[in-house]
Every structure is written in C-alpha cells, then in structure tokens.
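All values below come from the heavy atoms of this structure, side chains included, with hydrogens, waters and symmetry mates left out. Just so you know, ligand 1 is whichever comes first in the structure, and atom 1 is the first atom listed for that ligand.
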Amino acid sequence: MAYITLDFDAYRQNLEYMGQKVGDISKVMAVLKDNAYGHGLEQMAPLAAACGIKRAVVKNTHEASVVAPFFEKVLILIEAHPKSALVNDKFIYACDDLHAIDLFPNGCTIHLKVDTGMRRNGVMPCELEEAFKKIRENGLNLEGIFTHFYGADMLGSDFYVQNECYKKVKIACKELAKKHKIEPLYFHSRNSAAILRINDDFDDDFVRAGIASYGYTDLDESFGDFNLKPVLALWADRLSTRELKKGDVVGYGGVFAAKDDMVVSSYDLGYGDGLFRQNGENNLHVKNGKLILGRMSMDCFSLEGDEDSICVFDNVKEYAKHFKTITYEILTQLSPFLKRVVKPYTNN
Ligand SMILES: *Cc1c(COP(=O)(O)O)cnc(C)c1O
C-alpha cells in the first residue's frame with residue numbers, strides 16, 4: 001500500500017535550527033495548517049510537542065481541536081464566521097479587520113493582525129487606536145499582535161520596507177497596550193524565510209515556522225546554506241508486472257510505446273492520491289531516475305522493471321520545479337488518506 005514516511009530526526013533538526021536563530025525553541029510556533037503541509041496533522045502534532053514546541057498554528061477550528069491536546073495554545077488563522085469562534089483557554093483566533101472585532105464572542109482570545117503592506121488581511125496601522133478601543137468594548141482578550149511578510153524570500157528591499165513599518169506598528173501597539181492595560185501582549189511576524197534571515201535584529205516573542213520545519217526554503221542561495229532536511233518521503237508498492245513487446249503501449253491514450261521488448265510494473269499511487277498528474281508528454285521521474293511511462297492514472301502509474309517498492313520522492317523541490325510550482329503546493333495536495341509512518345519513532 002502506498003505510504004508516506006516522516007523523518008522525525010529531520011523535523012527535530014529543522015526546528016532546533018530555527019530555535020537557535022530565535023534564542024529558544026519555545027519561541028517557535030509550529031505551523032501545522034493544512035494537515036501539517038500534507039505531512040499529517042495527527043502524526044506531526046506529537047512530534048512538534050516532543051521537540052519542545054508549546055504553540056501550534058493551524059488553519060481552522062477543526063484542526064485546532066485535533067492538535068489541542070499537545071500544545072499550550074493554538075492559533076487559528078482562518079475564521080470567516082467569527083461569531084462561531086470558540087471560547088476556551090487554548091484557542092486563539094487571528095482577527096483580520098475592524099469588522100471582525102464586533103463579531104467574535106465576548107471573552108474570545110485573539111491575535112490582531114496588522115496589514116504592514118501585504119494588503120490581504122489585517123487592520124491598517126492607522127486603525128490601531130480604534131481596534132484597541134473596540135477590543136476593550138467588546139470584551140475580547142487580546143493576547144498578541146502579528147503581521148505577515150509578503151516578500152521575505154525575495155531579494156530586494158520589500159522585506160526591509162515592510163519590516164520598518166512593522167517596527168513602527170510595534171511601538172504604537174505597546175503604547176496602546178499600556179493605555180488599555182493589556183498585559184502580556186505578544187508580537188510575532190516572521191515566517192520561515194524571515195526566520196532564516198535573522199541576523200541579530202530579532203526581538204519578537206514568537207515566530208511562525210512552516211515550510212522550513214518540513215525541510216524547504218525558497219530563499220535565494222545568496223542568503224546561505226541552511227542545511228534543512230526534508231521530512232517527508234512518498235512510497236508506492238508494486239501492483240502488477242508484465243512483459244511488453246516492441247510497439248506495445250502503456251496507459252490511457254497509449255502515449256508511451258515500447259521501443260523494444262521490456263518489463264513494466266504498475267505502482268499503487270496516482271493523481272487521486274494528490275500526486276500531480278504526469279500527462280505523458282513531459283519527463284517525470286521517480287527518485288531512482290526511472291521515468292513514469294505514459295500518462296499517470298488516478299490510482300496508479302507504470303515504470304520499467306519490477307521492484308517491489310518505489311520511492312517517488314524524498315525531496316519535492318525537483319518535483320515542484322517540474323510542475324512550475326512551489327514545494328508548498330506539492331506537499332499540501334498529498335491525500336490525508338495515505339498512511340503515514342514516523343521513522344524512527346522514539347516516543348519521548
Ligand atoms: C502559512 C503561514 C505561515 C508559514 O509560512 P512558511 O513560509 O511556510 O514558514 C506563517 N504565517 C502565516 C500567517 C501563514 O499563513
């Protein structure tokens with residue numbers, strides 16, 4: 001049966017590396033949204049906790065419920081219906097604009113997002129005063145302020161400019177917190193790329209580590225070699241083997257035709273499992289270099305030879321490049337129904 005292996009030591013090493021960057025691993029919030037970037041929420045949450053992570057970041061209330069037993073706090077990024085937010089001592093909701101402040105239920109804990117240039121979510125810096133006032137009036141528990149960088153992995157000045165805006169926001173928020181007697185008030189801004197770029201200019205309370213914890217970065221090589229280790233590998237098992245005569249075709253559309261007599265096998269993984277579909281026209285190969293023959297089916301693909309088990313990839317960078325996309329997309333598409341096996345599993 002096709003399955004995913006998760007390398008616990010790689011995950012620990014990536015998290016510890018970021019822990020060193022920020023001074024203490026407890027400042028690293030593990031971003032486990034979207035089924036832990038396809039790795040498996042149920043598997044990754046206890047591993048993060050075993051590494052000393054105290055806070056997780058997830059997509060929605062459902063994901064928060066799954067990971068809550070493992071963490072002190074869980075930040076929920078996406079809640080389009082703030083009225084239905086849950087009030088308890090673990091859940092924290094990202095608050096994306098002034099209007100949402102009116103909708104979250106009394107007593108709900110929030111982190112207020114500030115728009116420092118991405119123009120997607122968050123209150124504008126000029127709205128901060130009003131936001132703090134509304135938060136007070138509506139009886140919300142403001143525990144944190146955060147922003148998100150749109151260009152932390154880009155060369156150029158975008159990151160610097162946005163970070164300057166964030167620094168001003170921070171000063172303003174500290175003033176407002178004093179005025180409204182809000183304490184403690186935590187700050188966080190950095191995603192993976194911004195964490196990897198830390199030199200000696202870090203004074204936030206937390207960071208949000210996503211893709212780098214899983215072993216990847218899109219940062220330009222000029223920023224350094226970060227020695228991140230991919231956590232996930234995808235494996236497929238042999239379904240069936242047959243001998244082809246010269247001219248026989250394989251799979252839908254008969255796109256691949258044997259140039260000679262050959263042995264082919266099918267493997268139990270396809271685009272229905274979230275693998276990007278090979279259409280038979282461009283060369284896509286599995287880890288050992290063998291080309292996928294013809295079109296990938298929903299639940300299987302074919303290779304030359306007859307090995308029992310095949311590693312499709314243990315590093316998605318090349319796969320992502322092949323499909324002109326980013327590692328995030330290849331990973332998050334992986335079906336939650338694939339079996340996940342943690343290696344080595346040391347339940348400490
Ligand atoms: C997904 C996400 C992150 C993590 O980003 P990476 O680049 O994967 O580290 C951090 N913050 C927010 C708000 C996010 O949505």
Original post:
Would you say I211 has any N or O atom under 3.5 Å from an N or O of ligand 1, going by distance alone?
Top reply: yes
**OP:** Please confirm whether F146 comes within less than 3.5 Å of ligand 1 when only nitrogen or oxygen atoms on both sides are compared.
**Re:** no
Considering only protein heavy atoms, which is closest to [atom], and at what distance to one decimal place?
atom: atom 12 (C) of ligand 1; value: H148 CE1, 3.4 Å
atom: atom 8 (O) of ligand 1; value: Y37 OH, 2.5 Å
atom: atom 9 (O) of ligand 1; value: S192 OG, 2.5 Å
atom: atom 10 (C) of ligand 1; value: R208 NE, 3.4 Å
atom: atom 1 (C) of ligand 1; value: K33 NZ, 1.5 Å
atom: atom 7 (O) of ligand 1; value: Y328 OH, 2.7 Å

**OP:** Of the side chain and backbone of I195, name the one, both, or neither that has a heavy atom under 4.0 Å from an atom of ligand 1.
**Re:** neither
**OP:** Verify whether one side chain among Y17 and N227 offers a donor that lies under 3.5 Å from an acceptor in the other.
**Re:** no
Subject >> Exercise: do Q162 and T116 side chains pair donor with acceptor under 3.5 Å >> reply: yes
Original post:
Does the distance from a Lys or Arg side-chain N to an Asp or Glu carboxylate O, for D205 and K54, drop under 4.0 Å?
Top reply: no
**OP:** Answer yes when K134 and E137 have at least one side-chain N-carboxylate O distance shorter than 4.0 Å, and no when they do not.
**Re:** no
**OP:** Please work out whether the ring planes of H111 and H188 are parallel, tilted or perpendicular, with thresholds of 30° and 60°.
**Re:** tilted
**OP:** Assess K339 against Y3: is NZ or CZ under 6.0 Å from the centre of the six-membered ring, and within 45 degrees of the ring's axis?
**Re:** no
Subject >> Qualifying salt bridge (charged side-chain N to carboxylate O under 4.0 Å, His left out) pairs with a residue from residues 285-310, counting only residues at least two apart or across chains >> reply: R238-D308, K287-D314, K290-E307
